[in-house]
Amino acid sequence: MTPFLDILNKFFALIKDTDYNKLTDEELVELTMIYFEFACAKFKELKKDLTFFKQGDQFYIVDELTSEEQVIIAYGMTVYWYEEKVNYNRMLRNVVNTKDFNHLSQANTLLRLTELLDYHRREFNRLRKAYTENYRDFEGFN
């Protein structure tokens with residue numbers, strides 16, 4: 001079994017979000033579980049049981065995940081975290097007129113967030129590909 005906190009620590013090391021301090025522990029776990037589920041849905045190369053269970057006040061994943069697998073999932077979680085930030089800023093641009101949007105420096109923020117999203121998406125895909133190549137199952141080949 002793998003403590004969910006191990007993956008969360010890797011995820012939080014990749015992002016900086018002071019808004020998370022405003023959430024309760026339960027809200028934070030619920031939100032990050034959603035990011036986790038989205039990341040795992042894209043990480044189809046991983047053939048492990050990623051079911052959650054609670055023991056005491058901690059959440060665990062049924063199978064033991066390697067550090068590499070945890071890092072890949074954490075990068076996948078960042079993709080969805082950045083997508084949320086980019087979408088928020090895009091919606092803000094649609095609500096606020098262009099002059100105000102640019103004056104508020106939101107245009108720069110959107111550009112930087114989009115660049116970070118692209119980087120994390122590429123890194124997530126690169127790590128998944130490397131994982132597949134390193135752990136390719138050769139059974140059935142003669």
Side-chain angles (χ1 to χ4, degrees), residues 1-96 98 100-142:
M1 79 180 154
T2 304
F4 185 54
L5 187 59
D6 290 357
I7 297 169
L8 280 185
N9 287 335
K10 290 171 179 63
F11 170 68
F12 288 130
L14 294 169
I15 65 162
K16 300 295 177 244
D17 193 336
T18 56
D19 289 340
Y20 283 157
N21 295 335
K22 300 172 188 170
L23 299 175
T24 66
D25 287 345
E26 287 179 4
E27 293 170 332
L28 187 59
V29 167
E30 282 182 33
L31 178 63
T32 53
M33 277 184 174
I34 293 168
Y35 295 146
F36 174 84
E37 290 171 358
F38 285 160
C40 291
K42 290 285 188 182
F43 190 15
K44 296 184 186 307
E45 301 86 355
L46 183 61
K47 305 295 185 209
K48 294 192 175 178
D49 186 351
L50 301 174
T51 306
F52 277 105
F53 69 94
K54 191 171 184 178
Q55 189 173 19
D57 60 347
Q58 298 294 319
F59 285 93
Y60 294 89
I61 298 157
V62 170
D63 278 348
E64 187 69 34
L65 301 178
T66 66
S67 289
E68 179 185 21
E69 292 163 344
Q70 292 176 33
V71 168
I72 295 169
I73 291 169
Y75 263 98
M77 291 170 70
T78 65
V79 168
Y80 293 98
W81 182 82
Y82 278 113
E83 280 184 352
E84 182 181 320
K85 301 292 181 190
V86 167
N87 289 337
Y88 173 80
N89 278 275
R90 283 185 181 145
M91 287 174 30
L92 183 61
R93 182 179 59 189
N94 293 336
V95 173
V96 178
T98 305
D100 289 338
F101 186 77
N102 290 335
H103 179 68
L104 295 170
S105 298
Q106 294 298 319
N108 247 358
T109 301
L110 179 57
L111 176 64
R112 298 296 170 242
L113 284 171
T114 302
E115 289 171 352
L116 284 167
L117 171 60
D118 290 342
Y119 168 78
H120 282 266
R121 188 177 283 138
R122 281 190 314 270
E123 190 64 9
F124 179 51
N125 289 330
R126 185 192 68 75
L127 290 169
R128 286 175 41 226
K129 183 178 179 185
Y131 177 85
T132 303
E133 291 171 0
N134 289 338
Y135 300 100
R136 184 171 288 155
D137 182 8
F138 289 106
E139 286 183 25
F141 289 99
N142 294 331

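Side chains of Y131 and E69: a donor on one and an acceptor on the other come within 3.5 Å. Side-chain atoms of R128 and N125 include a donor-acceptor pair closer than 3.5 Å.
M1 is not listed as a side-chain neighbour of I61, based on a closest heavy-atom distance of 4.5 Å or more. Taking the side chain as every heavy atom from C-beta outward, M33 and Y35 never approach each other to under 4.5 Å. Using a 4.5 Å heavy-atom cutoff, the side chains of I7 and L65 are in contact.
Atom OG1 of T2 and atom CD of E64 lie 4.0 Å apart (nearest 0.5 Å). Atom CG of L113 and atom CD of E83 lie 12.0 Å apart (nearest 0.5 Å). For the atom pair OG1 (T132) and CG (L127), the distance works out to 10.5 Å, reported to the nearest 0.5 Å. Interatomic distance, Q70 CD to D6 CG, rounded to the nearest 0.5 Å: 5.0 Å. Taken to the nearest 0.5 Å, the NZ atom of K85 stands 7.5 Å off from the CD1 atom of I15. Rounding to the nearest 0.5 Å places CD1 of I72 at 11.0 Å from SG of C40.
Listed here is the closest heavy atom pair of F36 and L50: CE2-O, 3.9 Å. Here the closest heavy-atom approach between residue H120 and residue L14 is recorded as CE1-O, 4.2 Å. The two residues G76 and A39 make their nearest non-hydrogen contact at C-CB, 3.5 Å. Considering every non-hydrogen atom in both K10 and S67, the closest pair reads CE-O, 4.2 Å.
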Exercise. When you look at T78 and L117, which way does the side chain to side chain contact (heavy atoms under 4.5 Å, CB included) test go after all the steps?
Worked result: CA-CA 8 Å; T78 65; L117 171 60; over 6 Å; no
Exercise. Going through the distances and angles, do Y82 and Y119 end up as a ring pair (Phe, Tyr, Trp, His ring centres under 6.0 Å)?
Worked result: CA-CA 10 Å; Y82 278 113; Y119 168 78; 9.0 Å; no
For this session: Quick one: do F124 and R126 satisfy side chain to side chain contact (heavy atoms under 4.5 Å, CB included)? Show the steps, please.
Result: CA-CA 6 Å; F124 179 51; R126 185 192 68 75; over 6 Å; no
For this session: Evaluate salt bridge (Lys or Arg N to Asp or Glu O under 4.0 Å) for K22 paired with E27, printing each intermediate quantity in order.
Result: CA-CA 10 Å; K22 300 172 188 170; E27 293 170 332; over 6 Å; no
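The residues K129 and E45 are annotated as not salt-bridged, no charged nitrogen and carboxylate oxygen being separated by less than 4.0 angstrom.
Every residue meeting the ring-ring contact (aromatic ring centres under 6.0 Å, His included) condition with F12, not counting sequence neighbours, appears here in chain and number order: Y20.
Around the CG atom of D25, the shell of radius 6.0 Å holds no more than 12 heavy atoms that belong to other residues, nucleotides or ligands. Surrounding OH of Y60 are more than 12 heavy atoms belonging to other residues, nucleotides or ligands, all under 6.0 Å away. For K42, the NZ atom sits in a loose shell: 12 or fewer heavy atoms of surrounding residues, nucleotides or ligands are nearer than 6.0 Å.
A donor-acceptor pair is defined here as one N or O able to donate and one able to accept, closer than 3.5 Å; such a pair exists between the side chain of D63 and the backbone of D49. T51 places no side-chain N or O within 3.5 Å of a backbone atom of V62 that could act as its donor or acceptor partner. Between the side chain of E123 and the backbone N or O of Y75, no donor-acceptor pair lies under 3.5 Å.
Taking the six-membered ring for Trp and thresholds of 30 and 60 degrees, W81 and F11 have ring planes more than 60 degrees apart, a perpendicular arrangement. Below 30°, between 30° and 60°, or above 60°: for Y80 and F38 the angle between ring planes is between 30° and 60°, a tilted geometry.
Note: F4 and F52 meet the aromatic proximity criterion, with ring centroids under 6.0 Å apart.
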